[in-house]
Amino acid sequence: MVQINSITISPPLINSSCAWAGDFSQLEALFNSPYTGAVTTRTSTVNGYKEIDANAVAFTTSSISSLNSYGYSPYPLSYYLSWVETILTGPSSSKFPTKPFIISVTAAAWSDLESILVSVQSLRTKLSDRQSGGTSRIAIELNTSCPNMGPTSPPSGYKFTDLRELLNGLETAHRKDPTLTIGLKMPPYVYQQQFTHVLSVLSDFSSATMVQGGGMKRRSPFAFLTCTNTLGNSLLFPDQVAHNEKSGGQDYAVPTALGGLAGEALHALSLGNVFTFHRLLHIERPKEYDGLEKIVIIGVGGVTTKQAVARMTKAGAEVVGAATLLGKEGVKAFEILSRD
């Protein structure tokens, strides 16, 4: 069991935001699995993202890896909130009374993110999910890291200072309601200064908070980091992947040629990202990062076996997530990851 601010994840195994957590039936199946401790929705926007035929996925033949050219969900946020409400108020909820949903969202402007927060908080109020000292069942994840949005929309997680307006809005929302659990989905980083830059920016939003016993301690409004999203600008050819309806007859594995690499091909880099964030937050944390030590790392990337789960945990992840295996095996993926 892992506590992340006001949500409880037990077992500490979840799906990450992906195309296979994109509609009601998929979310319901993930929720009903006894092997998932939480369910993360596909990343949504206020109005939905127009999906085209070039948005596709291909699985490699040499390993459990994938390349996708998907963007965000074609369904708007309102659909996800309706589906989450239906599941959390339905008969299945009695079997898993504390299992939470992590609603993955993104926005380029504060006005859109503010609208998202209002909608999410409205649902939480309706479900009595904002009780101080209670266990919440809805958290929010800001996706900063989709690599497939075109040359004019690079992942904001690579220009972290550009996120200050959104982060400031999230900090204000958390200050008003400390039960709101907020996380960030990160892109894969490849050198030390990228990690320290992220944490330096996040530390600016920590503030002094009264703790038990009457003292003051710095606390961050950000409760978790999901590490990592897919690795963009990756290329595979048809002879490297299994045939599917969108890759057949194409020159490349996916119609766009370039896409986000995931699965076992990303595993080593994902482990390194988890390890580096864990070390900076918990082992070699400089004083300027005080307040960030409560951040939980959700390790994602190439988690296809129970041994991979163990590696993520050893690297520093408290919760482990999977997507490519979910796409390949369906919800059975989490039973596979849980086998002795």
Side-chain angles (χ1 to χ4, degrees), residues 14-22 26 40-45 49-74 104-106 108 141-160 183-190 194 198 225-238 240-242 244 246-247 250-274 298-304 308 312 320-328 333:
I14 69 173
N15 70 291
S16 60
S17 59
C18 62
W20 305 290
Q26 292 169 333
T40 309
T41 68
R42 185 177 181 182
T43 301
S44 61
T45 59
Y49 173 77
K50 183 174 175 55
E51 215 161 68
I52 58 176
D53 286 343
N55 300 132
V57 64
F59 294 91
T60 63
T61 53
S62 60
S63 67
I64 304 176
S65 302
S66 64
L67 186 76
N68 86 81
S69 56
Y70 287 122
Y72 303 121
S73 176
S104 185
V105 300
T106 196
E141 173 190 82
L142 177 64
N143 188 341
T144 73
S145 48
C146 180
N148 298 329
M149 304 309 297
T152 61
S153 300
S156 54
Y158 287 123
K159 297 177 66 181
F160 218 71
L184 305 172
K185 187 170 187 181
M186 315 302 289
Y189 297 120
V190 295
Q194 290 177 306
V198 166
L225 299 178
T226 304
C227 307
T228 68
N229 207 332
T230 59
L231 180 63
N233 206 54
S234 298
L235 177 68
L236 292 173
F237 289 92
Q240 297 176 279
V241 301
N244 63 50
K246 291 187 179 181
S247 65
Q250 300 285 338
D251 292 329
Y252 307 103
V254 294
T256 54
L258 300 174
L261 185 68
E264 291 175 351
L266 187 64
H267 190 51
L269 182 58
S270 298
L271 287 172
N273 273 245
V274 169
I298 300 177
V300 180
V303 178
T304 59
M312 274 293 182
V320 177
T324 293
L325 190 66
L326 171 62
K328 195 170 181 66

Quiz prompt | Chi angles and distances behind the side chain to side chain contact (heavy atoms under 4.5 Å, CB included) call for Leu269, Val190 | solution = CA-CA 8 Å; Leu269 182 58; Val190 295; 4.3 Å; yes

Could I get the full list of side-chain hydrogen bond (donor to acceptor under 3.5 Å, both in side chains) partners for [X], not counting sequence neighbours?
{"X": "Ser104", "answer": "Thr43, Glu141"}
{"X": "Ser16", "answer": "none"}
{"X": "Asn15", "answer": "none"}
{"X": "Thr304", "answer": "Glu264"}

Locate the shortest heavy-atom distance separating [X] from [Y]; write the atom from each residue and the value.
{"X": "Tyr252", "Y": "Ala257", "answer": "CD1-CB, 3.6 Å"}
{"X": "Cys146", "Y": "Gly71", "answer": "SG-CA, 4.2 Å"}
{"X": "Asn273", "Y": "Pro187", "answer": "OD1-O, 3.9 Å"}
{"X": "Met312", "Y": "Ser270", "answer": "CE-CB, 3.7 Å"}
{"X": "Glu51", "Y": "Pro74", "answer": "OE2-CD, 3.7 Å"}
{"X": "Met186", "Y": "Cys227", "answer": "CG-SG, 4.1 Å"}

Going by side-chain contact (heavy atoms from CB on, under 4.5 Å), name the residues that satisfy it together with [X], two or more places apart in sequence or in a different chain.
{"X": "Asn229", "value": "Asn143, Ser145, Lys185"}
{"X": "Leu258", "value": "Asn233, Leu235"}
{"X": "Tyr49", "value": "Asn55, Tyr72, Met149"}
{"X": "Ala333", "value": "Leu325, Glu329"}

With side chains defined as the heavy atoms from C-beta onward, is the minimum distance between [X] and [Y] less than 4.5 Å?
{"X": "Arg42", "Y": "Trp20", "result": "no"}
{"X": "Val241", "Y": "Leu67", "result": "no"}
{"X": "Ile298", "Y": "Val320", "result": "no"}

Quiz item: What residue pairs, at least two apart or across chains, pass salt bridge (Lys or Arg N to Asp or Glu O under 4.0 Å) with a residue in residues 151-160?
Solution: Lys159-Asp162

Practice problem: Mind checking the CG-CD1 spacing from Leu326 to Ile14? Nearest 0.5 Å is all I need. | Solution: 11.5 Å

Quiz item: How long is the span from the OG1 atom in Thr230 to the CG atom in Leu266, to the nearest 0.5 Å?
Solution: 7.5 Å

Quiz item: Could you go step by step and tell me if Thr324 and Phe59 meet the side chain to side chain contact (heavy atoms under 4.5 Å, CB included) rule?
Solution: CA-CA 8 Å; Thr324 293; Phe59 294 91; 4.0 Å; yes

Taking [X] for the side chain and [Y] for the main chain, is one N or O donor matched with an acceptor at less than 3.5 Å?
{"X": "Ser17", "Y": "Thr40", "result": "no"}
{"X": "Asn148", "Y": "Asn68", "result": "yes"}
{"X": "Gln240", "Y": "Leu236", "result": "no"}
{"X": "Tyr189", "Y": "Gly157", "result": "yes"}

